[in-house]
Protein chains: 2
Amino acid sequence: MNEQDLRVIKTKKNLQLALIQLLKEKDLEKIKVTELCRLSGITRRTFYLHYENVRKYFEEFIEQLLEELEQSMEKTTKYRMMTNQQLVPNMIHLFEHVYLNKESYQFIFSGNSNFAYYQMFFKRIKVIVKSSMELMDLDHELTDFQVAYQANAILGMILEWYFENFQKSVEEMNRLLMTSLRI
Amino acid sequence: MNEQDLRVIKTKKNLQLALIQLLKEKDLEKIKVTELCRLSGITRRTFYLHYENVRKYFEEFIEQLLEELEQSMEKTTKYRMMTNQQLVPNMIHLFEHVYLNKESYQFIFSGNSNFAYYQMFFKRIKVIVKSSMELMDLDHELTDFQVAYQANAILGMILEWYFENFQKSVEEMNRLLMTSLRI
DNA sequence: AAATTTATTACACAGATGTATAATAAAAAT
DNA sequence: ATTTTTATTATACATCTGTGTAATAAATTT
C-alpha cells in the first residue's frame, strides 16, 4: 500500500470523518467495521486491506495525538533548559493539549477502550519524562521504575481529570500537578 | 438470577475452568464466547443470560483479585498504624500479591485487554491510597488529584514490572517503590 | 495520451455475535 | 413427595467478522 496514493488518502480521510461522527453518536465498542464502511462509503474489504481490525485502526488515529502530546511536553522542557528557571505552572503545556483534544481522550479513556491505547501513552510519556528527568537531575542515576512511576503518576492526573469530565481548568490542573511533584 | 442456586454455581464454575484453560492456550481477544461455552459445556444462551458480553464476565473475575489486593495493601497500613513505625520495604505486601497472581495480571495488562479492567484497579487503589495517606498526613488537605497521582504512580511500577516480565524480585520492587516515594 | 500498475470493489463463505421464543429439567418451596 | 419456580437448553434468525478471488476503475508512469 502506497500511503501517498490519492486513492489511499481519500479512503483514509473518509474513514476518519465517519469515525469522528460515529464517536459522537455512540460508544466505542458499538462501532462496527460494517457501519464505519457504510458511512464512509468504502467496502469492508478495503478496510481490511489497510487494517487488521478496528483496534489497529484506532492505533493509527492515536499515533497522531501522541505526536502533538510529545511536542507540548517538550515545549516545557526546552523552555526550562533555555531560561534555566524552576518549573512554574504556566510552563506546563500538557493539560492544554489534553483539553484541546478532549473528545479524542474521552474515547481513549472510556471503559470500552482497549488497554493497548493507554499503553501507547504510558510508553511515550515515559520516554519524554525520562529525558526531562535526566536533563534536570544530572547527578542521579535513574531506573526505569522511577521513570514509570513519574510517567504514570502524570497519566493518573489526566485520568482523574477525565473521570471528573474535565471540569477543572487547565490552569488549575497545572497547579495541582505542581503540588504533587513537590510532595 | 439467584447466585446461590446450585445450577448457577455449577455453570459459573464450569465457565471459570474453561476460561483458565483457554487463557493458557491463547490470547485474550481470541477467546470467543462460542469457544468458552463449547468447552464448559453450557449453551451460549446461558452465557448471555448471565453476562452482557465477555468483558462483563472478566470484570467479575477481576473483582476477586481486587479483594485480595485490598487486603494486602491494608495489611501494610494497619501494621504502620499499630507500631507507628516509618515505612520500610518489608512492610509492603502489594508486590507480593501481584507476584503470586502473576498469570492473572499478565492477561489484565496485555495489549488486548480492556481498559475497563485497568480502571477497576485505578479506582480501588485510589480508595486504599487515600485512606492510607489520610492516616499518615493528618494535617494535609488531600485533593482527589493528589490521590490519583500517587495511586497511578504505584500502578505504573506494577505495569513496568509486567513489561519486564516480572524479572525483578518482590524485595527489589519494594525497595524501588521506597526510593520513588522519597523523591 | 496510452500503457501500466494497483487500490478498490463485488460477491461469496464459514464462523461469531447477540437476541427471541418455547420446551425442558433441575432446584427450591410447600 | 408434590408443586412451583426458574435456570438451562434447543432452535432459529439477523447481523457482523475476517478472508479469498476475480473484475473494475482510478491513479501513476511512460
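In what follows, chains carry the letters A, B, and so on, assigned in the order in which the sequence lines appear, proteins first and then strands, with residues in each chain numbered from 1.
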Fill in: From D:dG18, C:dA7, D:dT9, nucleotide with atom closest to B:Thr43 side chain
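Nearest listed nucleotide: D:dT9.
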
Discussion item. Looking only at the side chain of A:Asn53 (C-beta and beyond, no hydrogens), which of the listed nucleotides D:dT21, C:dA28, D:dG18 gets closest?
Written reply: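 Minimum distance to the A:Asn53 side chain belongs to D:dG18.
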
Worksheet item: With nearest nucleotides of DNA chain D determined for B:Ile9 and B:Lys32 from heavy-atom distances, which residue corresponds to the more 5′ nucleotide?
Response: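 First, find each residue's nearest nucleotide; the 5'-ward one identifies B:Ile9.
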
Worksheet entry | 5'-most by nearest nucleotide on DNA chain D - B:Val8 or A:Lys10 |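 Taking each residue's closest nucleotide, the earlier one in sequence belongs to B:Val8.
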
Discussion item. Measuring only between side-chain heavy atoms, which start at C-beta, is A:His50 closer than 4.5 Å to A:Lys56?
Written reply: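 No, every pair of side-chain atoms sits at 4.5 Å or beyond.
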
Can you measure [X] atom [atom1] to [N] atom [atom2] for me and round it to whole angstrom units?
X: B:Tyr51; N: D:dT8; atom1: OH; atom2: C1'; answer: 14 Å
X: B:Asn2; N: D:dT5; atom1: CG; atom2: P; answer: 15 Å
X: B:Glu29; N: D:dG18; atom1: CD; atom2: P; answer: 9 Å
X: B:Arg44; N: D:dA12; atom1: CZ; atom2: P; answer: 14 Å
X: A:Arg45; N: D:dA25; atom1: CZ; atom2: C1'; answer: 18 Å
X: B:Phe47; N: D:dA10; atom1: CZ; atom2: P; answer: 18 Å
X: B:Leu6; N: D:dT6; atom1: CG; atom2: C1'; answer: 13 Å
X: A:Arg7; N: C:dT5; atom1: CZ; atom2: P; answer: 13 Å

Worksheet item: Under 30°, 30 to 60°, or over 60°: which ring-plane class applies to A:Phe122 and B:Phe163, parallel, tilted or perpendicular?
Response: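 Rings of A:Phe122 and B:Phe163: parallel, as their planes differ by under 30°.
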
Practice prompt. Assign the ring pair B:Tyr118 / B:Phe115 to parallel, tilted or perpendicular, where the plane angle (0 to 90°) is split at 30° and 60°.
Written response: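 Taking B:Phe115 first and then B:Tyr118, their aromatic rings lie parallel (interplane angle under 30°).
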
Practice prompt. State plainly whether the residues B:Glu25 and B:Lys30 are in salt-bridge range, i.e. N to O under 4.0 Å.
Written response: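 No, this pair does not count.
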
Discussion item. Check this for me: does any side-chain nitrogen of one of A:Glu63 and A:Arg124 sit under 4.0 Å from a carboxylate oxygen of the other?
Written reply: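 Result for this pair is yes, salt bridge flagged.
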
Practice prompt. For A:Lys30 and for B:Arg38, locate the closest nucleotide of DNA chain C by heavy-atom distance; then report the residue assigned to the nucleotide nearer the 5' terminus.
Written response: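 Looking at the nearest nucleotide for each, B:Arg38 comes out on the 5' side.
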
Discussion item. For B:Asp5 and B:Ile31, find the nucleotide of DNA chain C closest to each by heavy atoms; which residue's nucleotide sits nearer the 5' end?
Written reply: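 Mapping each residue to its closest nucleotide by heavy atoms, the 5'-most match is B:Ile31.
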
Counting only side-chain nitrogens and oxygens, does [X] get under 4.0 Å of the OP1 or OP2 atom of [N]?
X: A:Thr11; N: C:dA7; value: no
X: A:Thr34; N: D:dT17; value: yes
X: A:Tyr48; N: D:dG18; value: yes
X: B:His50; N: D:dA7; value: no

Item to complete: With heavy atoms under 4.0 Å as the rule, sort A:Ile42 into base, sugar-phosphate or nothing.
Response: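 Sugar-phosphate contact only.
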
